[in-house]
Amino acid sequence: MTRLSQTFLPTLKDAPSDAEAVSHKLMVRAGLIRQLGAGLWTYLPAGWRAVRKVEAILREEMESIGCQEMLMPILQPAEPWQTTGRYGIDELFKLEDRKGAPMVLAMTHEECLTYHVAREVRSYRDLPLMLYHLQTKERDEPRPRAGVLRTREFTMKDAYSFDRDEEGLARSYELQSEAYTRIFDRCGLRWYRVESDVGMMGGSGAHEYMAPCPAGENEVALATGYAANVEVATADSQPVELPPPLDAPDEVPTPGLTKVEDVSGHLGLPAGAFIKTLPIIVEGRGMVLVLLRGDHQLNEIKLRNGMNTDFRQASTEEIEAQLGPVGYLGPVESGLPIIKDAALTGNSYVSGANKPDTHLRGIDPTRDFESYEMDVRTVEAGDTAPGGGKIEIEAAIEIGNIFKLGTRYSEPLGASYLDGEGKEHPILMGSYGIGPARIVAAAIEQGADENGIVWPASIAPWQVHLVSLAQADEPEREAADRLYRDLRDDGVEVLYDDRDAGPGEKLTDAELLGCPLRVVVGRRGLAEGVVEATERGSGAEHKLPVEEAAARTSQLLSGSDD
RNA sequence: CGGGGCGUGGCGCAGUCUGGUAGCGCACUCGGCUGGGGGCCGAGCGGUCGCUGGUUCAAAUCCAGCCGCCCCGACCA
């Protein structure tokens, strides 16, 4: 099947100088991928084999829940995107055909599939329906990074469910969720499912599947029985000791002290005894103050979701015109609407007095100003999760996601059905994505050691890396050739290193490429009548008698040896 | 979009400050030796120094503009 001497598998001794992520370095070094441009990668034969292994698993698990494969175009008319309001997304590649008609390159396929379903599905008898495809996605990412982890073009398994009602949608969602569990387990990943923001997809609920590893772009808040993207995570904050309460707020001179840590040092109080006042401009509502405990950070996504409107930070000019000098802002007598973070409990805080060089102490948030309470802070390691566990924050790669879209696409695109009484209803949709390239990268990130890749067997490009240490004209070579033939006859996926290279190069390459089992045929072993098999993951070695080497290799692969 | 960095044979880099013959290691080709961890000897091939313009007798080197790539952040199904 595969002789290395005839395979395009260019390995590198050094990683590209600009590579940072482990998967980026190793995928390039091991000859899996090469770069064409920013966020544009070519899969070489070995890398493509791994991707196809993942895709095969995806197909099996989708079929197993009755999700049918199809294929939709990447190049699409702009119109459905204009209809759903997604034409304005910056990441969407836009172009014109020769007649000047506006076209787009699809970043996902809700518009296209909903367009079809709207035309073909008429009756409740046609539902539920689940469809998927494996197709290229194009996204004009502002910053592609880390090899294959964030690219401008990639393939995705995207599935879509169409249901009559919420119960049906919940059922489809659950089916996909169960399939995802099997998929990520089969791919050999460490992963977990977290609550997530619905983002630009819209819709009523979403989960992300995360594979923890240092190169991950996402932060996940984890505790026993709790897992959520930091974007949406909620938790009880760590307590802070407040000074004794006062009858009314009291001015303190704080000349030149504009930062929480400055004032906190000056007054001998912890940062958590302060109120941080953040002026924002809310669309259609003007300036609003957001209040946080001094040691907490604002979570813009939670704030945006909580208000259900977009906002931006107020400029210095706006702040000084409407409130007071930056550095001395506070909620008391501000005259502005106030959103108070839920963690601002207690009754004796320090904040700015909205005039130069002055702070107020003894502020009681329930007594001294009106406010609307909302959970808008970013959770931190050490916080208490719902359920009582201590939060830890971990970096992770997003390897998949599932969305309850509801009628976000079916309504604008007119996808509806008639129920048993002839009444029209919008179809309820869900969408379910997985990026095979990210699974491959995550598996490498999680499994690699200092010598290279350590593949999970299920997605390794080959099961066996057979190394002949002898040169082409030496007698030992015959034993290796014979084993290669026997393994192939037994249906084992074997990469045969028959190159005229030195032993060091061959053995190092085998470790770099990381196939589950390395089998070495060399003079030393043959003198004892054995070939040497080494498990890439554990390093366990097995001496296999030459005459039963092929059979024993198969046993090792199926885990039934020793 | 903000900040930083880089661009010189296929790869990794030096040379740029201080203008004057384009270099090193690896890889590659040929010959020989070697053969259980990228081995050794010898001989070679290979570069419009990212692009454009400018300064100069002379530009990889100085100046200007542009392009590309990477990293941090913002952003992000």
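Chain letters run A, B, ... following the sequence lines, proteins first, then strands; residues in each count from 1.
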Asks: On the nucleotide B/rC13, are OP1 or OP2 found under 4.0 Å from the side-chain N or O atoms that A/S17 carries?
Replies: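 Answer is yes, contact under 4.0 Å.
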Asks: Of the nucleotides B/rG37, B/rC76, B/rG12, which has the atom closest to the A/D14 side chain?
Replies: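 Nearest listed nucleotide: B/rG12.
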Asks: Spell out yes or no: do the side chain of A/E474 and the base of B/rG35 have one donor N/O and one acceptor N/O closer than 3.5 Å?
Replies: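 Result: no qualifying N/O pair found.
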Asks: When you look at CD of A/E380, are more than 12 heavy atoms from neighbouring residues, nucleotides or ligands closer to it than 6.0 Å?
Replies: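 Yes, the 6.0 Å shell around CD holds more than 12 heavy atoms from other groups.
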Asks: Quick one: which of B/rG73, B/rG36, B/rC69 gets closest to the side chain of A/L469?
Replies: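 For A/L469, the side-chain atoms sit closest to B/rG36.
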Asks: Remember a base hit wins even if backbone is also touched, and classify A/P16 as base, sugar-phosphate or nothing at under 4.0 Å, heavy atoms.
Replies: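 Sugar-phosphate only.
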Asks: Test for a donor-acceptor pair under 3.5 Å between the base of B/rG37 and the side chain of A/E511, counting only N and O atoms.
Replies: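 It does, because a donor-acceptor pair links the side chain of A/E511 to the base of B/rG37 below 3.5 Å.
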Asks: Between the main-chain N or O of A/G147 and the side-chain N or O of A/T151, is there a donor-acceptor pair closer than 3.5 Å?
Replies: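 No, A/T151 side chain to A/G147 backbone: no donor-acceptor pair under 3.5 Å.
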Asks: Just the rounded figure in Å: distance from P of B/rC69 to CG of A/L40.
Replies: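 For the pair A/L40 CG and B/rC69 P, the rounded distance is 8 Å.
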Asks: Side chain of A/R139, base of B/rC76: donor and acceptor closer than 3.5 Å?
Replies: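 Per atom types, no contact qualifies.
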Asks: Would you call the rings of A/H109 and A/H133 parallel, tilted or perpendicular, taking 30° and 60° as the class edges?
Replies: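 If you compare the ring of A/H109 with that of A/H133, the planes turn out perpendicular.
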Asks: Tell me: CG of A/N218 to P of B/rC76, nearest whole Å?
Replies: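 That distance rounds to 12 Å.
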